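Report on one structure; see the data block that follows.
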Amino acid sequence: MSGDEKTGGTMTLDRPSAPDVHALRVTVTRGPDRGRTAVVSRGSVIVGRANGAGLRLSDVAVSSFHVELSARADGVEVRDLASHNGTFFGGARLGSATVPSGALLEVGASVIHVELEAELAVPDDQLASFGALRGTSPAMRSVFAVLSRVAPTPLSVLLEGAAGTGKQLAARAIHEASRQAAGPFVTQSCAAFPAGLGDSILFGDGRSLSVLDAAEGGTLLLTDLSELPQALQARLLAVLDGRERGPRPRVLAATRRDIREMVNASTFLEGLYLLLAQARVVMPPLSARPEDIAPLAYHFLQSMPADAEGARAIAREGLDELRRREYRGNVRELRATVERASLVARGQTITAGDLAFERLLTAERERAASANDLREIAPFKEAKRTLVDEFERDYLKALLLRAGENLSRASALSGVERHHLRDLFRKHDLWGK
């Protein structure tokens with residue numbers, strides 16, 4: 001989208017792909033905080049009224065977390081955080097945009113001047129992995145550098161990113177590189193509390209071990225943080241800041257949503273956000289680091305169990321095919337794609353043809369899912385049976401191809417008894433004998 005296009009009253013500009021190479025100076029030129037300045041050499045700065053804002057303003061028309069500013073090679077990246085009164089440049093309301101150095105932005109009743117300063121040296125940290133995470137792209141090297149710095153500290157870490165970007169792998173790697181590595185690593189989804197039981201699960205009821213108890217001496221990972229019920233937020237805040245007694249393991253949190261926007265909407269406690277986001281790491285989507293697709297594919301192939309049948313190499317045209325695809329499920333989807341292709345490959349090297357066949361296995365299911373979106377929700381048992389039948393048929397087709405229609409080999413590959421496998425083939429009209 002070009003700079004003069006607007007969507008829904010909010011101007012959105014293309015995000016540059018260049019890495020951060022400048023320092024950013026932000027100065028208030030109008031408003032109650034005139035003259036206040038913040039300078040960041042790496043990362044981003046938040047402008048807002050919250051204690052955790054990098055440039056904290058007293059302007060009552062500014063939201064707690066109003067706007068995020070980042071230095072880029074060709075300007076200043078601006079991302080409004082769903083603020084109440086918006087962020088404006090040249091009279092246009094910005095959503096996500098890149099503005100030139102020297103721009104004046106209106107936030108609330110204040111005006112801020114954003115300016116790039118002298119170019120910085122590129123960091124020489126060359127980490128290409130952290131725990132189970134892999135990547136050679138600048139985006140991931142930057143993430144690894146941050147994770148390696150914060151892991152040995154007692155800081156709480158908030159991991160943000162879309163599904164499949166590796167938030168839980170990052171959390172596990174932080175734990176394993178921390179001083180609590182010998183202790184337990186406990187994961188609790190904030191979206192999985194049964195009605196009325198969240199309080200006892202998280203904090204205990206005197207009869208059973210709570211999640212906090214189970215993680216004592218180690219690390220507690222709270223996933224789906226945006227789903228944490230508001231009734232539990234205040235008590236968790238009281239425990240973590242010491243106002244309420246209880247075990248306090250190191251807490252990591254993961255979320256797909258920007259919690260700062262929820263703070264602005266008064267659906268998430270600002271104090272709890274500040275305690276959980278002492279360090280904040282954004283896991284980049286795979287689309288932002290396509291150069292990592294090839295090394296990740298090789299890593300996934302080499303990580304498959306030694307006794308699993310399947311290809312362990314991939315041809316150049318196969319890699320080209322992987323690079324052409326979109327991965328809505330990010331690295332998780334890439335891994336599933338590579339592993340399926342390995343299992344259905346005709347030889348020891350995955351070819352473009354093997355990947356084309358792998359795509360056929362899921363294409364029909366995706367079409368069915370899309371059609372189902374337009375129909376009424378089926379009864380649970382019926383919907384489950386349909387999905388199981390689709391899986392069985394796709395799996396058995398691939399198994400037949402891999403086993404060359406040899407029932408004994410198919411049984412050995414799948415781990416299913418011959419007689420049961422024959423029944424499944426006949427059920428789906430795939431076996432003529």
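Count residues from 1 along the sequence. Nothing here was measured: the structure is a model prediction, and the numbers come from that model. What's counted below: heavy atoms across the whole structure, side chains too, no hydrogens, waters or symmetry copies.
Under the 3.5 Å distance criterion, with hydrogens and angles disregarded, no donor-acceptor pair is assigned to the side chains of Thr219 and Gln180. Of the N and O atoms on the side chains of Asn330 and Thr165, not one donor lies less than 3.5 Å from an acceptor on the other residue.
Side-chain N or O atoms of Arg25 include none that pairs as donor or acceptor with a backbone N or O of Val39 at under 3.5 Å. Although no hydrogens or angles enter the test, the distance criterion places a donor-acceptor pair under 3.5 Å between the side chain of Asn85 and the main chain of Ala61. Glu358 contributes no side-chain N or O that, together with a main-chain N or O of Val338, makes up a donor-acceptor pair within less than 3.5 Å.
The shortest non-hydrogen separation linking Gln233 to Leu228 is NE2-O, 3.1 Å.
Salt bridge annotation for Arg260-Glu68: present, with a cationic side-chain nitrogen under 4.0 angstrom from a carboxylate oxygen. Contact check on Glu160 versus Arg280 returns a salt bridge, with a Lys/Arg side-chain nitrogen under 4.0 Å from an Asp/Glu carboxylate oxygen.
A perpendicular orientation is assigned to the rings of Phe65 and Tyr273, their planes being inclined by more than 60° (bins at 30° and 60°).
The CG atom of Leu212 sits 5.0 Å away from atom CG of Leu202, with the distance rounded to the nearest 0.5 Å.
Annotation: Arg34, atom CZ; neighbour count of heavy atoms from other residues, nucleotides and ligands within 6.0 Å does not exceed 12.
By the 4.5 Å heavy-atom criterion applied to side chains, Ile201 and Pro194 are counted as neighbours.
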